[in-house]
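Working notes, beginning with the structure itself.
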Amino acid sequence: MGRFLAVLAAGCAGGLIGEMGTGVGVGAAWMASVMPRDCRLVTVEMDADRVAAARRVFADEERVEVIHGDSYVELERRAPFDLLFVDGGAGDEGVGLLKIGGRVVFDDVTPVEALPADSPYREHDPKRELFFTDSRLVATEVVLPDLRNALLVGTRVR
Ligand SMILES: C[S@@+](CC[C@H](N)C(=O)[O-])C[C@H]1O[C@@H](n2cnc3c(N)ncnc32)[C@H](O)[C@@H]1O
């Protein structure tokens with residue numbers, strides 16, 4: 001997952017990256033470590049202890065801002081984004097925070113082939129349905145190399 005985020009972040013020249021749900025900064029570190037010099041990253045976390053931990057990680061990185069608050073509220077004020085990693089807080093509302101041509105990534109998806117045979121998600125997965133019925137997105141699912149995890153990625157086209 002981190003490497004996938006890094007691939008997208010590396011192309012954000014002059015851009016703005018947002019992250020919903022910082023955790024302690026692992027995903028943000030993947031992106032910040034390769035994003036172009038003129039790119040900035042804003043990440044939002046509601047848990048104060050995690051915010052403090054992530055701020056220590058980025059203490060020497062002025063291009064990264066770790067904000068304590070609600071991810072959608074804080075990122076809406078700073079939109080539009082070239083790349084948005086949705087990993088805590090708002091779901092499909094995040095698409096509206098992208099520039100046209102911007103990309104959104106959702107993780108924590110289980111590939112259908114890795115689901116138990118009787119899982120209801122084989123027939124009906126609200127996350128996938130929201131993502132793939134959003135007419136603003138050209139989207140796909142990417143199964144990660146462990147074959148147990150997947151992500152959804154989309155480009156905003158309208
Ligand atoms: C899976 S973790 C994030 C991991 C992180 N993105 C990474 O790649 O290392 C999800 C985080 O989202 C935070 N979170 C959940 N809802 C949120 C919200 N509405 N606003 C901000 N943070 C939120 C949780 O406190 C948690 O730390």
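One-based numbering, in listed order, for ligands and for the atoms of each. Treat the numbers as computed from the prediction; the structure is a model and nothing was measured.
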Any salt bridge between D134 and R136, counting N to O under 4.0 Å?
->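 A salt bridge links D134 with R136.
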Counting only heavy atoms from other residues, nucleotides and ligands, does the tally under 6.0 Å from [atom1] of [X] exceed 12?
X    : atom1 : result
R122 : CZ    : yes
R40  : CZ    : no
F132 : CZ    : yes

Of the listed options [options], closest to [atom] (non-hydrogen atoms):
atom                    : options       : value
atom 21 (C) of ligand 1 : G89, G2, G69  : G69
atom 20 (N) of ligand 1 : G23, S71, A29 : S71
atom 22 (N) of ligand 1 : M46, H68, M31 : M46

Can you list the atoms of ligand 1 that are under 4.0 Å from a heavy atom of F85?
->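 What qualifies from ligand 1 is 6 (N), 8 (O).
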Close N or O approach ([X], ligand 1; < 3.5 Å):
X   : result
G27 : yes
E19 : yes
D47 : no
G88 : no

To which protein heavy atom is [atom] closest, and what is the distance rounded to 0.1 Å?
atom                    : answer
atom 26 (C) of ligand 1 : R50 NH1, 3.1 Å
atom 19 (N) of ligand 1 : D70 OD1, 2.9 Å
atom 25 (O) of ligand 1 : E45 OE2, 2.6 Å
atom 4 (C) of ligand 1  : D87 OD2, 3.2 Å

Do [X] and [Y] touch side chain to side chain, with heavy atoms closer than 4.5 Å?
X    : Y    : value
R63  : R37  : yes
L8   : V153 : yes
V109 : E141 : yes

Approximate separation, where rounding is to 0.5 Å, of L83 CG and C39 SG |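 With rounding to 0.5 Å, CG (L83) is 8.0 Å from SG (C39).
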What do we get for T22 next to ligand 1 when only non-hydrogen atoms under 4.0 Å count, side chain, backbone, both or neither?
->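 Near ligand 1, T22 shows its backbone, while the atoms from C-beta on stay back.
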A28 near ligand 1 by a heavy-atom separation under 4.0 Å =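 No, that is not the case, since the closest heavy atom of the residue is not under 4.0 Å from the ligand.
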With a 4.0 Å cut-off on heavy atoms, does Y72 reach ligand 1?
->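 Contact check Y72 vs ligand 1: negative.
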Answer yes or no: is there a donor N or O on one side and an acceptor on the other, between the side chain of R50 and the main chain of T22, under 3.5 Å?
->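 Not at all, since once roles are kept as given, no pair shorter than 3.5 Å links the two residues.
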Distance-only side-chain donor-acceptor flag, E19 / T43, under 3.5 Å |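 A pair is found: one side chain offers a donor N or O, the other an acceptor, under 3.5 Å apart.
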